[in-house]
Number of protein chains: 2
Amino acid sequence: MVVDQLGTQLRDEEIDRLFQAFADTTRRDIVRRVTVGEYSVSGLAALYTMSFAAVQKHVAVLERASLVAKEKRGREQIVRANHDGLQKARRLLDEYEIIWRQRADRIADLLAETAPAGPGRTHENQQDGNRKVEG
Amino acid sequence: MVVDQLGTQLRDEEIDRLFQAFADTTRRDIVRRVTVGEYSVSGLAALYTMSFAAVQKHVAVLERASLVAKEKRGREQIVRANHDGLQKARRLLDEYEIIWRQRADRIADLLAETAPAGPGRTHENQQDGNRKVEG
DNA sequence: CTGATCTACAACCATTTGGTTGTAGAATAG
DNA sequence: CTATTCTACAACCAAATGGTTGTAGATCAG
């Protein structure tokens, strides 16, 4: 997205990882579990029909997305929720919501104008001349 | 996922698709674009370095996730934002936020108690005997 | 010490994803 | 009518995902 100069790059990948992590029912369930209670990796694995290694991988995905952190305790690894990731995702969706509302306001403004001879269509085509693209 | 009985099934897949759709920078950019302005598929494709077909696929992913809808106009296909999907995603993350806050409250309550001889650790292990999983 | 448990990680496999090119149909422009 | 534009879709490919089994190192129980 627009990678205008710098800085967005890493953040984009970070956001990709965040939403990717949420895009799996098992992982969402794990996040919910470890938010409420305390679970070791094997404690989590016992909850699902899949193998221990599979759950281990899911936890790893959540960890890379900063949604979860592991803490060693004896021979166990305790998985705990990391609220930062969740907040980031929420804030991002909130931004989209804000953009949406701004757009609604703009349209309301247009409709509220004294009908300046123009056609009814919103008429905001592309041809925006934005610098760059990249995703 | 555990698919306890019924009902959650479709919703889970729907949510999977939602977050999956957001887990790509180009797609997030498309959502932002079509929220603000009006774009045909080729109008969008012109913004990115990838091929037309690639952008077409991204739009299709967003469409399956109910984040976007296409409307035929002459030989063009106008892509417009569908706010419902965005709202669903937001509401879901809000639920997680609520769970998190409830947990924080619970812990605050525990700390506020008159120190009932228990150890300092929160001590909420699994062994919860929770009925099923999905909620 | 011995055995059981918890974890990490490698290797493998099937499917999905994100991209490409190419072909073909519909609508518009001249 | 012909040429161009916009779209749809198939076929293909490399890489990532989500799962498996197997092996091996740490830690705890007896």
Side-chain angles (χ1 to χ4, degrees), chain A residues 1 12-31 34 38-65 67-80 125-127 133-135, chain B residues 1-3 12-31 34 38-65 67-80 125-127 133:
Chain A
M1 64 160 301
D12 278 346
E13 288 173 15
E14 193 189 345
I15 296 173
D16 287 0
R17 263 179 275 131
L18 245 175
F19 284 112
Q20 178 64 35
F22 266 113
D24 182 283
T25 308
T26 303
R27 286 198 292 263
R28 286 194 300 277
D29 191 61
I30 290 177
V31 170
V34 303
E38 195 172 283
Y39 293 86
S40 64
V41 179
S42 56
L44 285 170
L47 299 169
Y48 308 99
T49 57
M50 70 191 73
S51 70
F52 172 83
V55 174
Q56 212 176 14
K57 282 191 182 181
H58 280 306
V59 172
V61 170
L62 291 170
E63 203 176 9
R64 278 194 317 139
L67 280 166
V68 134
K70 286 186 296 187
E71 184 194 352
K72 195 163 184 175
R73 187 147 84 208
R75 71 181 149 182
E76 291 185 333
Q77 199 87 256
I78 305 299
V79 182
R80 50 168 35 125
N125 276 328
Q126 54 268 41
Q127 98 222 139
V133 162
E134 198 31 49
Chain B
M1 52 209 79
V2 181
V3 178
D12 278 347
E13 288 173 15
E14 194 190 344
I15 296 173
D16 287 0
R17 262 179 277 129
L18 245 176
F19 284 112
Q20 178 64 35
F22 266 113
D24 181 282
T25 308
T26 302
R27 286 198 293 265
R28 285 194 301 276
D29 191 60
I30 291 177
V31 170
V34 302
E38 196 173 281
Y39 292 87
S40 64
V41 179
S42 56
L44 285 171
L47 299 170
Y48 308 98
T49 57
M50 69 189 73
S51 70
F52 173 82
V55 174
Q56 213 176 12
K57 282 190 182 180
H58 280 306
V59 171
V61 170
L62 291 169
E63 204 177 7
R64 279 194 314 140
L67 279 167
V68 134
K70 284 187 296 187
E71 184 196 352
K72 196 165 185 173
R73 188 148 85 206
R75 72 181 149 180
E76 291 185 331
Q77 199 87 254
I78 305 299
V79 182
R80 51 168 34 123
N125 276 327
Q126 55 265 43
Q127 99 224 134
V133 162

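Keep in mind that what you see is a predicted model, and the values were worked out from it rather than measured. Hydrogens, waters and symmetry mates play no part in the numbers below; they use all other heavy atoms, side chains included. Every chain is numbered from 1, with letters handed out A, B, ... down the list of sequences.
The phosphate of D:dT7 has OP1 or OP2 within less than 4.0 Å of a side-chain N or O from B:S42. OP1 or OP2 of C:dT20 has at least one side-chain nitrogen or oxygen of B:S51 nearer than 4.0 Å.
Here NZ of A:K72 is found 11.5 Å from CD of A:E76. Values are rounded to the nearest 0.5 Å.
Regarding A:D16, its CG atom lies at a distance of 12 Å from the C1' atom of C:dG18, rounded to whole Å. In this structure, A:Y48 atom OH and D:dG19 atom C1' are separated by 16 Å, rounded to whole Å. Rounded to whole Å, the distance from CD on B:E71 to P on C:dA27 is 15 Å. If you take CZ of A:R17 and P of D:dA16, they are 13 Å apart, rounded to a whole angstrom. D:dA16 atom P lies 12 Å from atom CD of A:E13, rounded to whole Å. With rounding to whole Å, A:K70 atom NZ is found 11 Å from C:dC9 atom C1'. Computed from coordinates, the B:F22 CZ to C:dT17 C1' distance equals 18 Å when rounded to whole Å. D:dG18 atom P lies 12 Å from atom CD1 of A:I30, rounded to whole Å.
Within the 4.5 Å cutoff, no side-chain heavy atoms of A:I15 are placed close to those of B:T25. The side-chain heavy atoms of B:V79 and B:V41, taken from C-beta on, include a pair separated by under 4.5 Å. In this structure the side chain of A:K57 never reaches within 4.5 angstrom of the side chain of A:M50, judged on heavy atoms. When side chains are defined from C-beta on, A:L47 does not count as touching A:V55, because their heavy atoms never get closer than 4.5 Å.
Taking the salt bridge (Lys or Arg N to Asp or Glu O under 4.0 Å) definition, one finds that B:K70 meets it with B:E63, sequence neighbours left out. Residues passing the salt bridge (Lys or Arg N to Asp or Glu O under 4.0 Å) test with B:R80, sequence neighbours excluded: B:E71. B:D16 meets the salt bridge (Lys or Arg N to Asp or Glu O under 4.0 Å) test with A:R28; sequence neighbours excluded.
Summary of the strand contacts: A:I78 and A:Q20 both lie near DNA chain C, and taking for each the nucleotide with the nearest heavy atom, the more 5' one is attributed to A:I78. Mapping B:Q77 and A:R27 onto DNA chain D by nearest heavy atom places B:Q77 closer to the 5' end of the strand.
The two residues A:T26 and A:D24 have their closest heavy-atom pair at N-OD1, 2.9 Å. Minimum heavy-atom separation, A:F52 to A:A45: CD1-CB, 3.8 Å.
For the helix from C:dC1-D:dG30 to C:dG30-D:dC1, the rotation axes defined at the first and last 5 base pairs enclose an angle of 20°, given to the nearest 10°.
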(message) Using side-chain contact (heavy atoms from CB on, under 4.5 Å), reason through A:Y48 and A:I30 one step at a time and then give a plain yes or no.
(response) CA-CA 10 Å; A:Y48 308 99; A:I30 290 177; 3.4 Å; yes
When you compare the protein's N or O atoms with those of nucleotides 24-30 of chain D, which come within less than 3.5 Å of each other, and at what distance?
residue, atom, partner, partner atom, Å
D:dT27, O2, A:R75, NH1, 3.4

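Proximity note for A:D24 (side chain, C-beta onward) versus D:dG18, D:dT7, C:dG19: the nearest is D:dG18. With C:dT21, C:dT7, D:dT7 as the candidates, the nucleotide lying closest to the side chain of A:E76 is C:dT7.
Using a distance-only test at 3.5 Å, with no hydrogens or angles considered, no donor-acceptor pair links the side chain of A:R27 to the main chain of A:L62.
Near DNA chain C, meaning a heavy atom under 4.0 Å away, the residues from residues 52-65 of chain B are B:A53, B:A54, B:K57, B:H58.
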